[in-house]
Amino acid sequence: MMTPLERAEARFGWKLVAPTIAILGLLILYPLMYNVYLSFFDVQLNGSKTFVGIENYIKLLSNSDYYSAIATTSLYLLGTVVGTTLLGLAMALLLRDPFMGRGLVNAAIMLPYVAPVISVVFGWQFLFDPISGVVNYLFVDLLGLWSERSNLIGDPDSALWVVVLFDIWKHAPIAYLLILSKLVSISRDQYEAAAIDGYGPIGRFFHVTLPELYFVLATVVLLRLIWNLNRFEDVYLLAPNVETLPIFTYYQAFTGVIDQGLAAATSVIQLGVLSIFIWFYIKKIMKW
């Protein structure tokens with residue numbers, strides 16, 4: 001039983017958080033539930049809706065383009081998550097110990113992450129331009145490794161890997177920052193004890209460093225999975241022909257033969273996958 005004072009404090013606490021709950025409900029919960037609602041309707045451009053039940057889901061699951069988008073998204077997630085994590089770990093290991101100019105190096109590393117996405121996308125499009133781009137000049141004219149110039153961003157197969165490289169370059173800095181913050185807190189005594197036990201640099205890495213980095217590495221991997229499963233602007237601005245699930249949903253909802261009910265069904269399924277990732281992160285990593 002709560003005392004009158006405790007009940008008064010509880011009511012006061014609810015009054016304090018009520019505005020936040022209302023704003024979150026308005027900006028997040030309502031659009032989410034409305035999207036689920038739309039997934040069961042055939043939505044016309046004039047705003048009229050016809051209830052079709054699970055027909056949108058059946059149509060989606062029989063759409064070959066949907067499975068192509070899933071395959072593209074899987075490759076994108078695999079490449080970006082693994083690449084970002086490994087590059088962030090490598091940079092953190094190399095820059096763990098203080099040295100002169102470390103602050104400038106850190107600032108240079110963080111620059112791609114903080115730079116406006118539209119500016120760096122235009123920079124990358126220039127690099128891969130088939131006529132005047134640096135990449136084609138380097139590999140065709142200078143090194144002679146390619147027989148002819150190619151439009152790497154224009155070809156969907158090669159564009160996917162350009163997008164993967166772009167994402168690794170742009171988002172590895174945040175992985176580096178998270179890993180480095182944990183890495184510098186590992187006690188030197190642990191490394192000294194491992195050295196006394198006969199472990200060399202590689203042994204100390206696997207028996208001391210990796211166990212200490214378990215939580216932050218798992219966090220980086222899962223957060224990158226969650227973020228990149230939803231990533232739209234980077235991919236669409238750089239290579240709109242790389243049809244990941246967010247791009248596929250956008251095309252269904254706003255271009256060509258517009259089918260917003262089908263697009264809503266796509267996003268509902270994507271929400272289910274994201275919920276699994278979030279549940280795993282909360283239960284297994286944060287251990288709430």
Side-chain angles (χ1 to χ4, degrees), residues 59-60 62-88 109 111-175 224-260 262-263 265-267 269-270 273:
K59 187 190 303 183
L60 180 65
S62 61
N63 188 341
S64 60
D65 291 338
Y66 177 61
Y67 293 101
S68 176
I70 291 176
T72 301
T73 304
S74 300
L75 290 173
Y76 174 70
L77 288 176
L78 178 64
T80 55
V81 172
V82 173
T84 299
T85 305
L86 291 181
L87 182 57
I109 289 174
L111 185 60
Y113 186 75
V114 300
V117 63
I118 190 67
S119 63
V120 292
V121 161
F122 284 157
W124 273 64
Q125 287 178 337
F126 170 74
L127 288 175
F128 288 92
D129 185 84
I131 305 300
S132 57
V134 175
V135 173
N136 274 284
Y137 170 75
L138 178 63
F139 286 95
V140 177
D141 299 334
L142 196 60
L143 300 178
L145 297 178
W146 297 346
S147 59
E148 59 182 9
R149 291 173 177 266
S150 58
N151 188 358
L152 296 177
I153 293 180
D155 182 353
D157 293 331
S158 58
L160 171 60
W161 301 112
V162 174
V163 170
V164 168
L165 288 175
F166 175 81
D167 185 273
I168 293 172
W169 170 79
K170 182 165 177 58
H171 296 100
I174 192 62
R224 294 306 304 160
L225 281 171
I226 293 169
W227 291 340
N228 281 9
L229 187 59
N230 277 328
R231 190 159 302 284
F232 174 82
E233 68 280 6
D234 294 14
V235 180
Y236 185 75
L237 289 173
L238 180 59
N241 54 354
V242 177
E243 202 164 317
T244 58
L245 282 172
I247 308 299
F248 173 82
T249 305
Y250 172 79
Y251 287 151
Q252 293 295 321
F254 301 111
T255 65
V257 181
I258 295 176
D259 194 338
Q260 294 188 344
L262 186 67
T266 307
S267 60
I269 294 176
Q270 190 172 329
V273 176

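Numbers for residues simply follow the sequence, beginning at 1. Because the structure is a prediction, the values reported are computed rather than measured.
- A side-chain donor-acceptor contact under 3.5 Å links Q125 to the backbone of L237.
- Residue-environment remark: CZ (F122) stays at or below the threshold of 12 foreign heavy atoms within 6.0 Å.
- The nearest pair of heavy atoms linking T249 to Q270 is OG1-OE1, 4.3 Å.
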Exercise for the section: Could you give me the CA-CA distance, side-chain angles and deciding distance for F128 and V162, then say whether side chain to side chain contact (heavy atoms under 4.5 Å, CB included) is met? Expected result: CA-CA 9 Å; F128 288 92; V162 174; 4.0 Å; yes

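- Counting heavy atoms from C-beta outward, R224 and V81 have side chains that approach closer than 4.5 Å.
- Atoms OG1 and OH, on T255 and Y250 in that order, are 6.5 Å from each other to the nearest 0.5 Å.
- In terms of the side chain to side chain contact (heavy atoms under 4.5 Å, CB included) criterion, residue partners of P156 (sequence neighbours excluded) are, by chain and number, N241.
- Once rounded to the nearest 0.5 Å, the distance linking CD1 of I247 with OG1 of T72 reads 11.0 Å.
- Taking the charged nitrogens against the carboxylate oxygens, R231 and D167 do have a contact shorter than 4.0 Å, which makes a salt bridge.
- Taking all atoms of both residues into account, the shortest heavy-atom contact from Y113 to P173 is CB-CB, 4.0 Å.
- The structure places CG of L78 at 11.5 Å from CG of N228, a figure rounded to the nearest 0.5 Å.
- Within the 4.5 Å cutoff, no side-chain heavy atoms of T84 are placed close to those of W227.
- The closest side-chain heavy-atom distance from Y236 to P246 is not below 4.5 Å.
- The nearest pair of heavy atoms linking L152 to S158 is O-OG, 2.6 Å.
- The backbone N or O of N136 lies less than 3.5 Å from no partner atom in the side chain of D141, so there is not a single donor-acceptor pair.
- The shortest side-chain heavy-atom distance between Q252 and L60 does not fall under the 4.5 Å cut-off.
- Taking each heavy atom of A69 and F248 in turn, the nearest pair found is CB-CB, 3.9 Å.
- Interatomic distance, I70 CD1 to D65 CG, rounded to the nearest 0.5 Å: 11.5 Å.
- Remark: F139 engages V135, L145, W146 in a side chain to side chain contact (heavy atoms under 4.5 Å, CB included) (not counting sequence neighbours).
- In plain terms, the two heavy atoms of I131 and D129 that are nearest each other are N-OD2, 2.9 Å.
- Under the side chain to side chain contact (heavy atoms under 4.5 Å, CB included) criterion, D157 pairs with D155, not counting sequence neighbours.
- W161 places none of its side-chain heavy atoms less than 4.5 Å from the side chain of L165.
- Of the listed residues (L238, V163, D234), just one forms a side chain to side chain contact (heavy atoms under 4.5 Å, CB included) with W124, and that residue is L238.
- Interatomic distance, CG of L77 versus CD1 of I226, reported as 11.0 Å (0.5 Å rounding).
- Contact record, I153 with A159: O-CB, 3.2 Å, taken as the closest heavy-atom pair.
- Between V117 and K170 there is a side-chain heavy-atom pair separated by less than 4.5 Å.
- Ring pair F166/W169 is tilted by interplanar angle, where 30° to 60° counts as tilted.
- For the atom pair F232 CZ and T244 OG1, the distance stands at 8.5 Å (nearest 0.5 Å).
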